[in-house]
Amino acid sequence: MSDYETILTSVDQGVATITLDRPKALNALNMQVLTDVTDAAAAFDADDEVKAIIITGSGKAFAAGADIKEMSDLDFATAFKADWFAGWTRLTDVRKPVITAVNGFALGGGCELAMMGDILIASTKAKFGQPEINLGVLPGMGGSQRLTRAIGKAKSMDLCLTGRMMDAEEAERSGLVARIVEPEELLATANEIAQTIASKSRIASAMVKEAVNTAFETTLEQGLRYERRLFHSSLATNDQTEGMTAFVEKRDANFTDS
Ligand code: HXC
């Protein structure tokens, strides 16, 4: 069931899945994909039934990048005026946990989209790269920034300057990928992670997401203070009372804050 042109969507037991679905173009990210993914993610973020979101790709790619055919005639004035690619910020504004499950090529904008999630898991067939240099341009959806924060300057420069691909093992070793699994287990593992998150306090997971992301935006001192303030706020929730009472009573917690 999907109201979208370029993606498939489904919801199962509180977990929403968005599947990029332009397999003939290796799920290249054209403007319609941007609209569809960000609309769907915003709708799921607002849907009380949904507690976590998975983004994956159909076929042999997660996404092979921004759509080169769409961009080949793009000129500076048009791109600058429209602030091309800025629309993806709507995805990083999502407050629920987002798992990106990379099944194959995650190149250019595809790697950048994978990095917009909160937990990146990869199949053994995944390949990551920022090959924009081969097209005479550079990353434009966060590659030079998020990749550098994730794997450090040495590897990021290596990938962005040579355009080479990195396999799943190297990506995990470098800190880009949280877990690697066999291709046939990718979606089940993503679902398992999402279900685990969905069983926990919704408000606490939103606070965790905000706190970890703040680490990329502030000094350590500011970040630590922000974390403490969020922790103090968590003491005002029903879920904190329930979580700690359940521990003391040696039973499973039943979190209800939405
Ligand atoms: C549009 C794409 C595409 C892309 C693949 N296709 N990647 N179309 N944009 N990014 C299309 C091909 O044209 C082809 O269509 C079909 O998908 C299958 O691709 P093949 O090349 O035949 O497959 P294969 O030989 O398996 O090679 C896979 C690949 C290669 C290694 C991933 O497709 C590739 O190098 N793609 C481009 C990767 C890339 O440069 N990405 C970065 C894009 S720039 P037809 O119709 O011929 O069957 C970017 C950010 C730009 O993301 C930001 C700065 C402005």
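The residues of the chain are indexed from 1 along the displayed sequence. Every number for a ligand or one of its atoms is a count from 1 in the order of the listing.
Using a 4.0 Å cut-off between charged side-chain N and carboxylate O, Arg95 and Asp45 make no salt bridge. Taking a cutoff of 4.0 Å between a charged side-chain nitrogen and a carboxylate oxygen, Asp239 and Lys200 do not qualify as a salt bridge. Between Glu182 and Lys125, none of the side-chain N atoms (NZ, or NE/NH1/NH2) sits under 4.0 Å from a carboxylate O, so this pair counts as no salt bridge.
Using a 4.5 Å heavy-atom cutoff, the side chains of Ile197 and Lys96 are not in contact. The side-chain heavy atoms of Trp88 and Leu29, taken from C-beta on, include a pair separated by under 4.5 Å.
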- Query: Could you go step by step and tell me if Ile53 and Val94 meet the side chain to side chain contact (heavy atoms under 4.5 Å, CB included) rule?
  - Reply: CA-CA 10 Å; Ile53 301 167; Val94 166; 4.0 Å; yes

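Contact residues of ligand 1 (protein heavy atom closer than 4.0 angstrom to a ligand atom; sorted by chain and number): Lys24, Ala25, Leu26, Ala28, Lys60, Ala64, Gly65, Ala66, Asp67, Ile68, Lys69, Met71, Phe85, Phe105, Leu107, Gly108, Gly109, Pro131, Glu132, Leu135, Leu138, Gly140, Met165.
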